[in-house]
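What follows is a set of notes on a single structure, which appears directly below.
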Amino acid sequence: MNKTRASGRTVGGLRTLSLQAPAVTLLLLWMLVPLGMTLWFSFQRYNLLMPGMTGFAGLENYEYLFTDPALWSAMGTTLLLVGWVLAITVVGGTLLAVLFQQEFAGRGIARVLAISPFFVMPTVSALVWKNMMMHPSNGVLSWVAESFGLPAVDWFSSLPLTSIIIIVAWQWLPFALLILLTAMQSLDEDQVEAARMDGAGPVAIFFFITLPHLKRAISVVIMIEMIFLLTIFAEIFVTTSGGPGLATTNLAYLIYIRALLDFDVGTASAGGVIAIVLANIVAIFLVRMVAKNLED
């Protein structure tokens, strides 16, 4: 009887493995082949404008990048962009989640309208902000400024990074709102009511009941957003093209410049490896943070 069970388990295990093997193999190829090619080209002299200059370059591509001021400028821009967007979306999403949890007329419609910007494609949202909101002559923000007697602002020339932060934060704020509003649904109303009966005001309830309850959801929002914000590209490409100068060139856009504008595949691949290492460091830190919050 034991042999039959053991045999059955073995056959069932082999059958399960045979069903999983194609999907797992495809997933591994999907990940490992591009990663392997990126690593290979990062150690090669490969410039499409100079096809005769080929061969093993060793660490030359990495040395060139680490001595290039553009890399450090791009990394600083990336950190500023990610940090400010996270601050705006987490704080704004938390406050909006508390607001939309309250009962008021038209709450359902307001929730849908507040979440809808997340479903707009990045290219479309960038074009809308560039041509309809932040245009120095015909934009809505210019009209508002002129209505108050203030001079119109050429956002993408005078405040380029701030403009990108506003556009990206506008797009990701609904995502934070959606996650945090979902978490608010599980808040124990009896606990809130008990706190009110004990004399706690709205501020005390927010800081001592609501905010601790949203701790896990906020960790998830930070983790997911940070992974995606490290690769922001479309908004920069459509609006500022990384300029003026390198003012809005993040790491992803710098790799694009090296690969498709300078045609330097080797240096661009080295930049891609650096971006992978940076993303993995951030991911490890965030996963540990979320795991700690779940344990608590």
Side-chain angles (χ1 to χ4, degrees), residues 30-42 46-48 61-62 64-89 118 120-127 129-130 155-156 159-173 175-176 221-286:
W30 185 269
M31 295 186 301
L32 294 179
V33 171
L35 178 60
M37 293 182 65
T38 302
L39 286 170
W40 169 257
F41 284 124
S42 70
Y46 188 13
N47 192 313
L48 298 178
N61 292 325
Y62 293 94
Y64 173 78
L65 274 179
F66 281 115
T67 56
D68 185 5
L71 174 66
W72 303 107
S73 174
M75 292 184 71
T77 301
T78 302
L79 294 177
L80 283 174
L81 178 60
V82 172
W84 276 108
V85 172
L86 279 177
I88 294 171
T89 54
F118 181 67
V120 180
M121 292 184 294
T123 306
V124 175
S125 64
L127 285 172
W129 278 91
K130 180 181 180 179
W155 288 86
F156 297 107
L159 298 169
L161 186 58
T162 303
S163 305
I164 300 296
I165 290 172
I166 292 173
I167 295 172
V168 177
W170 176 82
Q171 187 176 0
W172 280 95
L173 181 60
F175 171 79
V221 169
I222 293 174
M223 181 178 69
I224 296 176
E225 281 194 17
M226 185 170 287
I227 293 172
F228 283 94
L229 293 176
L230 287 172
T231 59
I232 289 294
F233 176 81
E235 294 85 348
I236 298 174
F237 179 79
V238 171
T239 56
T240 63
S241 298
L246 297 173
T248 56
T249 299
N250 64 347
L251 191 54
Y253 200 83
L254 180 65
I255 295 171
Y256 161 77
I257 292 174
R258 293 289 181 262
L260 298 180
L261 298 183
D262 298 342
F263 298 100
D264 192 347
V265 179
T267 304
S269 299
V273 173
I274 295 172
I276 291 171
V277 172
L278 178 63
N280 277 274
I281 292 173
V282 172
I284 291 172
F285 170 76
L286 291 175

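Numbering of residues begins at 1 and proceeds along the displayed sequence.
- Minimum interatomic distance between F263 and N47 (heavy atoms only, all atoms of both residues): O-OD1, 3.2 Å.
- Rounding to the nearest 0.5 Å places CD1 of I164 at 4.0 Å from OG1 of T240.
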- So L161 and W84, side-chain contact (heavy atoms from CB on, under 4.5 Å) or not? Walk me through it. CA-CA 10 Å; L161 186 58; W84 276 108; over 6 Å; no
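- Checked by atom type and distance alone, the side chain of T89 pairs as donor or acceptor with a backbone atom of V85 at under 3.5 Å.
- Put simply, OG1 on T67 and CG on L65 are 8.0 Å apart, with the number rounded to the nearest 0.5 Å.
- Panel note: side chain S42, backbone G266; no donor-acceptor pair is recorded below 3.5 Å.
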- Assess whether side-chain contact (heavy atoms from CB on, under 4.5 Å) is satisfied between L230 and V82, documenting all intermediate values. CA-CA 7 Å; L230 287 172; V82 172; 4.1 Å; yes
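- In this pair, F66 and W72 present their aromatic rings tilted. The plane angle is within the 30 to 60° band.
- Of the inter-residue distances, the one linking L86 atom CG with W172 atom CH2 reads 10.0 Å to the nearest 0.5 angstrom.
- Contact record, K130 with F156: CA-CE1, 3.7 Å, taken as the closest heavy-atom pair.
- The distance from the CD atom of Q171 to the CZ atom of F228 is 11.0 Å, given to the nearest 0.5 Å.
- To the nearest 0.5 Å, atom CG of residue N250 and atom CG of residue L229 are 10.0 Å apart.
- Looking at T38 and V273, their side chains come closer than 4.5 Å, going by heavy atoms from C-beta outward.
- In this structure, CG in L173 is found 9.0 Å from CD1 in I88, a value given to the nearest 0.5 Å.
- Between V120 and S125 the shortest heavy-atom distance is CG1-N, 3.8 Å.
- Summarising the local packing, CE of M31 is surrounded by more than 12 heavy atoms from other residues, nucleotides or ligands at distances under 6.0 Å.
- Taking 4.5 Å as the limit, every side-chain heavy atom of T77 sits out of range of all side-chain heavy atoms of L254.
- The side-chain heavy atoms of R258 and D68, taken from C-beta on, include a pair separated by under 4.5 Å.
- Ring pair F237/Y253 is tilted by interplanar angle, where 30° to 60° counts as tilted.
- A 6.0 Å sphere centred on OH of Y46 holds no more than 12 heavy atoms belonging to other residues, nucleotides or ligands.
- Residues I166 and W129 form a side-chain contact, since some pair of their non-hydrogen atoms from C-beta on lies under 4.5 Å apart.
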- L71 and I274: side-chain contact (heavy atoms from CB on, under 4.5 Å), yes or no, with the steps? CA-CA 10 Å; L71 174 66; I274 295 172; 4.3 Å; yes
